[in-house]
Amino acid sequence: MKNSFLLSVFIFFGAFGYCQSAEYETIAENQEVIWDMEWVGQDSILYTELKGKLKLLDISNKTVVDVHSFQDIAAENQSGLMGLGLAHDFKNSKLIYVAYCFYGDNFSILSRISSFSYNSSGPSIMNESILVDSLPSKNANLGGRLLVDSANIYYCLGDIQNENLAQLLDNPNGKILRYNLDGTIPSDNPDPASPIFTYGHRNPQGICKTANGNILISEHGPFSNDEINVLEKGRNFGWPLVGGYKEAANEAIYNQYNIKEPILAFTPTIAPAGVDYYGGNLYPSLTNSLLVSTLKDKAIHIFSLNQNQDSVIDSKRLDVAPLGRIRDILVSPDGRVFASTSNRDLYGEPNTNDDLIVEVFESLFTSVSTKLESNFKVALFSNSLIFNSDIHEKINFSIYDLTGKLVFNDFAMPEETISLKNLNAGLFILKATQNNSSLVQKIIHQ
């Protein structure tokens with residue numbers, strides 16, 4: 001779940017009847033741009049659709065009911081009904097939190113955060129309390145994701161296509177904002193008069209908390225350097241001054257502006273969206289991992305975390321291309337994994353039964369090889385590279401510049417020398433695959 005507690009183990013006999021014979025199963029279909037999902041107990045998922053509907057899915061009988069239709073939603077391109085969170089004591093309080101966009105003066109797009117009382121017997125919501133109002137937004141690069149814990153609300157607000165806002169500490173855009181549960185500003189924020197918790201973000205699309213309390217976010221880069229970041233109160237995360245890893249070429253800027261380096265950066269971009277932490281044991285291969293859904297890459301990525309849960313030690317990519325764009329990922333309290341698609345948005349190519357919520361099973365998690373396997377490596381030299389592998393089979397590889405442009409691709413056999421003499425000097429991203437194994441690595445050519 002998108003909360004800080006460890007997930008308990010629960011033997012769900014109904015699922016095991018089919019999980020060994022399929023990698024995922026459709027639980028809901030014919031939905032429209034599912035944006036955020038939360039587990040509300042009793043085998044049920046509450047979720048938002050971008051165009052303004054809040055819905056409830058009963059997993060046991062695969063039925064969906066409308067909970068609420070938001071009126072006057074500013075549903076344009078990437079804006080609409082977005083973030084969803086549950087109160088830490090939801091079982092007793094029945095409070096939910098939502099973030100949605102509406103129209104201000106001259107059809108400007110603004111966003112707000114509200115709480116509602118949830119009535120499961122309806123189901124319905126009532127008693128809206130507007131906690132944060134009129135945050136400057138737009139129909140692109142607006143973020144929109146919520147995280148609610150026992151004390152605070154965290155809200156991801158993008159740069160709304162004005163990159164200069166991300167470094168301005170008197171402006172909320174390009175920031176992770178932190179509020180008390182009643183919408184007031186916490187006294188222990190970096191500035192007790194401001195909701196800004198961190199800054200220098202472009203378009204944060206996912207947020208979750210690990211078991212030890214770290215907050216991890218995903219965010220979209222422009223043409224390169226999508227990132228996974230671990231938040232640290234008051235820190236600058238670089239946009240638009242820098243993007244991606246700290247390198248010799250940008251080290252001075254990193255140091256001058258006290259910028260925190262991402263734990264992961266992706267070039268070519270993958271469009272990471274919803275994230276969730278897996279702390280359970282139902283699927284041991286996922287324990288202590290960050291699960292990331294991706295839109296452009298049409299995959300689910302699993303990043304195994306270190307003991308401190310602030311860096312990545314291993315990685316898997318689960319190819320679910322037939323499903324299309326994956327907007328959100330959800331771990332239930334019993335350790336099951338659910339994903340939702342976003343194919344009916346402006347960028348998708350929907351099938352007749354889109355959009356979907358699916359349950360993903362153990363067979364998918366264990367059917368792929370990790371990216372960081374010890375038997376598949378690359379050795380770099382001044383004007384060449386050599387792949388090392390225990391398997392004597394062809395290796396396909398591509399080299400991209402930092403804008404994501406493909407500059408070189410070919411194939412080679414292990415121990416074969418590959419000349420880079422025609423490659424311009426600079427920093428590049430190497431992607432290589434052999435069978436089910438793959439690696440992604442920065443290379444510097446001088």
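- Listed by first and then second residue, the ring pair (Phe, Tyr, Trp, His ring centres under 6.0 Å) pairs involving residues 167-203 are Tyr154-Phe197, His201-Phe237 (not counting sequence neighbours).
- Relative ring orientation between His301 and Phe303 is described as parallel, the plane-to-plane angle staying below 30° on a 0-90° scale split at 30° and 60°.
- Two rings, from Phe223 and Tyr400, have their centers 6.0 Å or more apart.
- Between the side chains of Thr341 and Asp355, at least one donor N or O lies within less than 3.5 Å of an accepting N or O.
- Proximity of a side-chain donor or acceptor of Ser342 to a complementary backbone N or O of Val33 within less than 3.5 Å is not detected.
- Put simply, the residue from Leu165, Leu168, Asn164 that forms a side-chain contact (heavy atoms from CB on, under 4.5 Å) with Asn173 is Leu165.
- Judged as a salt bridge (Lys or Arg N to Asp or Glu O under 4.0 Å), the pairs with a partner in residues 184-207 (not counting sequence neighbours) are, in order, Arg178-Asp188.
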Begin with the C-alpha distance, continue with both residues' side-chain angles, and end with the deciding distance and a verdict on salt bridge (charged side-chain N to carboxylate O under 4.0 Å, His left out) for Asp276 and Lys209. CA-CA 8 Å; Asp276 210 352; Lys209 182 174 281 192; over 6 Å; no
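- Remark: the backbone N or O of Ala273 is paired with a side-chain donor or acceptor of Ser218 at under 3.5 angstrom.
- Using modelled atom types and a 3.5 Å distance limit, the side chains of Glu128 and Ser114 yield a donor-acceptor pair.
- Side-chain atoms of Thr269 and Lys296 include a donor-acceptor pair closer than 3.5 Å.
- Within a 6.0 Å sphere centred on CG of Asp89, heavy atoms belonging to other residues, nucleotides or ligands number more than 12.
- Between atom CG of residue Leu323 and atom CD1 of residue Ile357 there is a gap of 12.5 Å, rounded to the nearest 0.5 Å.
- A donor-acceptor pair under 3.5 Å is formed between the side chain of Asn250 and the backbone N or O of Tyr245.
- Exactly one residue among Asp297, Ile300, Thr294 makes a side-chain contact (heavy atoms from CB on, under 4.5 Å) with Arg317. That residue is Asp297.
- Every residue meeting the salt bridge (Lys or Arg N to Asp or Glu O under 4.0 Å) condition with Asp345, not counting sequence neighbours, appears here in chain and number order: Arg325, Arg327.
- Counting only residues at least two apart or in different chains, ring pair (Phe, Tyr, Trp, His ring centres under 6.0 Å) contacts with residues 306-331 are absent.
- When the salt bridge (Lys or Arg N to Asp or Glu O under 4.0 Å) test is applied to Arg344, no partner is found at least two apart in sequence or on another chain.
- Of the possible polar contacts, one joining the Asn203 side chain to the Gly143 backbone as a donor-acceptor pair under 3.5 Å is found.
- With respect to Lys298 and Asp319, no salt bridge is recorded, no charged nitrogen being found less than 4.0 Å from a carboxylate O.
- A donor-acceptor pair is defined here as one N or O able to donate and one able to accept, closer than 3.5 Å; no such pair exists between the side chain of Gln31 and the backbone of Leu356.
- A donor-acceptor pair is defined here as one N or O able to donate and one able to accept, closer than 3.5 Å; no such pair exists between the side chain of Asn288 and the backbone of Ser304.
- Using modelled atom types and a 3.5 Å distance limit, the side chains of Glu349 and Asn343 yield no donor-acceptor pair.
- At most 12 heavy atoms of other shown residues, nucleotides or ligands fall within 6.0 angstrom of atom CZ in Phe411.
- Between the side chains of Tyr347 and Gln78, at least one donor N or O sits under 3.5 Å from an acceptor N or O.
- Partners of Ala151 by side chain to side chain contact (heavy atoms under 4.5 Å, CB included), not counting sequence neighbours, listed by chain and number: Asp149.
- Taking the ring centroids of Phe408 and Phe397, they lie under the 6.0 Å cut-off.
- Aromatic ring centres of His88 and Phe90: separated by at least 6.0 Å.
- Both the sub-6.0 Å distance and the 45° axial angle are not jointly satisfied by Arg336 relative to the ring of Trp39.
- In terms of modelled atom types and a separation under 3.5 Å, the side chain of Ser293 and the main chain of Gly274 share a donor-acceptor contact.
- Legend: residues meeting salt bridge (Lys or Arg N to Asp or Glu O under 4.0 Å) with Lys431, ordered by chain and number and at least two apart, are absent.
- Sequence neighbours left out, not one pair with a member in residues 284-294 passes salt bridge (Lys or Arg N to Asp or Glu O under 4.0 Å).
- Note on residues 157-173: no pairs pass salt bridge (Lys or Arg N to Asp or Glu O under 4.0 Å), not counting sequence neighbours.
- Between the side chain of Gln309 and the main chain of Asn212, a donor-acceptor pair closer than 3.5 Å is present.
- In this structure, CG in Leu181 is found 6.5 Å from CG in Asn152, a value given to the nearest 0.5 Å.
- For Lys260, the salt bridge (Lys or Arg N to Asp or Glu O under 4.0 Å) partners are Glu232, not counting sequence neighbours.
- Looking at Asn214, its side chain does come within 3.5 Å of a backbone N or O of Asn308 through a donor-acceptor pair.
- Under the side chain to side chain contact (heavy atoms under 4.5 Å, CB included) criterion, Leu110 pairs with Phe102, Ser108, Ser134, sequence neighbours left out.
- Put simply, the side chain of Ser111 never gets that close to the backbone of Ser137: no donor and acceptor are under 3.5 Å apart.
- With rounding to the nearest 0.5 angstrom, the CD1 atom of Ile329 is 10.0 Å from the CG atom of Leu290.
- The salt bridge (Lys or Arg N to Asp or Glu O under 4.0 Å) contacts involving residues 73-86 comprise nothing, where partners must be two or more places apart or lie in separate chains.
- Donor-acceptor pairing under 3.5 Å is lacking for the side chains of Tyr254 and Glu247.
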